[in-house]
Novice: 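The structure follows.
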Protein chains: 2
Amino acid sequence: MPAHDRARSRRTTERKGDIRERAILDACEALLAQKGYDAMTVGDVAQGAGITRGALYFYFGSKQEVVAALVARTVEHLWERSRVTAQTEEPRQAIAAAMRRTVELWNEHGLVFRTAIDLSLTVPEIGELWSHTADLFITAITAVLERAGVQAGTAPDHASAMARALCWMIERTFYHASQESREELQKASATCEHIWLISAGINSEA
Amino acid sequence: MPAHDRARSRRTTERKGDIRERAILDACEALLAQKGYDAMTVGDVAQGAGITRGALYFYFGSKQEVVAALVARTVEHLWERSRVTAQTEEPRQAIAAAMRRTVELWNEHGLVFRTAIDLSLTVPEIGELWSHTADLFITAITAVLERAGVQAGTAPDHASAMARALCWMIERTFYHASQESREELQKASATCEHIWLISAGINSEA
DNA sequence: GATAAAAATCGACGCTGTGTAGAATTTGAG
DNA sequence: CTCAAATTCTACACAGCGTCGATTTTTATC
């Protein structure tokens, strides 16, 4: 019974299968860019990775699982460098830094992010991953808001709920802008930063 | 060659097919609620409408077209009552009214809205419909912001761009809240209203 | 209310993609 | 070198899709 499980855990030597697995995810990412999720078939991915459909099913149980693994690879790599919580800075600096970092991330991984968002409903595992990622951001935004003087608490007009709404604003705005161009992303970032600043009670200087 | 075309235009007597067509959309909506878009098959929809697959293809060319028609029916009904642009009111009133109306709409059509958003990428026709709907909101929000004293123009920190970001904030926040409960929607609405007010430069009174 | 054109429905076919099973091959530790 | 584990392949049965031509039902018209 082949291993459709995460937790390929620790191992000194790299199995051949680990390389193949990476090749599969790479092929998947390329195909997502090229023809999109719906049009992409398991056969396409297999071919892109240099194996047959049958062999691919040794690694992943379905197209959804492949994409889920791709999303996992991308956001996990993101969790480590979770310097989003650079708690030490002054609010204005923290906000600017967070937005700069967010632009970087979306420039680099926009395709995977958008795919993750689109599939969050239909592929529960992806939904989990993305929702967990969002929670990291929401926590960070909450901290910044509170430090800037916004009242703490879970009421609709206090820090926690506001942070959630701001997170969704950023997600959706970047989702759309990242489909257009880097310039659009930059502009979108400026707008989001402006609203974040205002929401924190900070006048964004001219 | 059967008619897969909109513009069944004017007609005094109602064709039998018009009733069937409505039945198909109703069945589709029910199935979306019941098993979701992916699991829903053309056969399911046909059965739900009391006809066979073959007959359904007389009306729609694919599952996507059925859902697109369902989305169209829902948002068109929305465009008519586009009182979103109740220009006459004072900003604070206008914002409150808009949010109240938005809650209503999402309570009633949340399922279809969420489906439309999810499929906007993969089904171009749905993307068009939703993006047009969003534009209506963005225009309305822009007007309110400008009336409240926010500088007009398309720069990242002026009315137009801010309105777009606020629209996406509302969309995404309601998208999530409407999956939970009416209470969540209500809270989400309060939060969005608060941020909208602040962004318009209006202190939301306690 | 008979009739012929148009509208609507059906059942069957071929196709593409899925997921599984068992046989065959490759890999790598000892 | 050897053999068990890992990896790959081919073949199969099955789901759902979209199309076609034949058949039945509606509807406008006389």
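Quick note on labels: first sequence line is chain A, next is B, and so on, each numbered from 1.
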Novice: Whole-Å distance between D:dC17 P and B:D38 CG?
Specialist: 11 Å
Novice: Look at the side chain of B:R53 against the base of D:dG18 and say whether a donor-acceptor pair falls under 3.5 Å; ignore hydrogens and angles.
Specialist: yes
Novice: By a strict heavy-atom criterion of less than 4.0 Å, which residues belonging to residues 45-52 of chain B are in contact with DNA chain C?
Specialist: B:I51, B:T52
Novice: Is the CD atom of B:Q179 crowded by more than 12 outside heavy atoms at less than 6.0 Å?
Specialist: yes
Novice: Would you mind reading off the distance between B:F60 atom CZ and C:dT9 atom C1', rounded to a whole angstrom?
Specialist: 16 Å
Novice: According to a strict under-4.0 Å criterion, is B:T41 in side-chain N/O contact with OP1 or OP2 of D:dC17?
Specialist: yes
Novice: Kindly state whether the ring of A:F113 and the ring of A:W130 have centres lying under 6.0 angstrom apart.
Specialist: yes
Novice: From C:dT20, C:dA8, D:dT19, pick the nucleotide closest to the side chain of A:Y57?
Specialist: C:dT20
Novice: Name the closest nucleotide to the B:A55 side chain, picking from C:dA8, D:dA6, C:dT9.
Specialist: C:dT9
Novice: Would you mind reporting whether A:R172 and B:I117 have side-chain heavy atoms less than 4.5 Å apart?
Specialist: yes
Novice: Does this structure show an ion pair linking B:E14 with B:R22, if we count only N-O contacts that are shorter than 4.0 Å?
Specialist: yes
Novice: For the helix from C:dG17-D:dC14 to C:dG30-D:dC1, how many degrees between its two end axes (five pairs per end), to the nearest 10°?
Specialist: 10°
Novice: Could you check which nucleotide pairs with C:dT9 in any of the strands shown, counting Watson-Crick or G-U wobble with both distances under 3.5 Å?
Specialist: D:dA22
Novice: Under a 3.5 Å cutoff, is there a donor and acceptor pairing between the side chains of A:T191 and B:R164?
Specialist: no
Novice: Between P on C:dA7 and CZ on B:R15, what's the gap in Å once rounded to a whole number?
Specialist: 6 Å
Novice: When you measure from the side-chain N and O atoms of B:S62 to the phosphate of D:dC17, is any distance below 4.0 Å, counting only OP1 and OP2?
Specialist: no
Novice: When we call it a touch if two heavy atoms are under 4.0 Å apart, what does B:R20 touch: a base, just sugar-phosphate, or nothing?
Specialist: sugar-phosphate
Novice: Heavy-atom distance under 4.5 Å between the side chains of B:L70 and B:L32, does that happen here?
Specialist: yes
Novice: Does D:dA15 sit syn or anti, given that only angles within 90° of 0 count as syn?
Specialist: syn
Novice: So does A:D26 pair up with A:R73, basic N to acidic O under 4.0 Å?
Specialist: yes
Novice: Check whether any side-chain N or O of A:S189 sits under 3.5 Å from a backbone N or O of A:L185 as a donor-acceptor pair, and report yes or no.
Specialist: no
Novice: Find out whether A:F137 and A:T102 are in side-chain contact, i.e. whether some heavy atom of one side chain is under 4.5 Å from a heavy atom of the other.
Specialist: yes
Novice: Hey, which of these two, B:K16 or B:Q64, hits DNA chain D nearer its 5' end, going by closest nucleotide?
Specialist: B:Q64
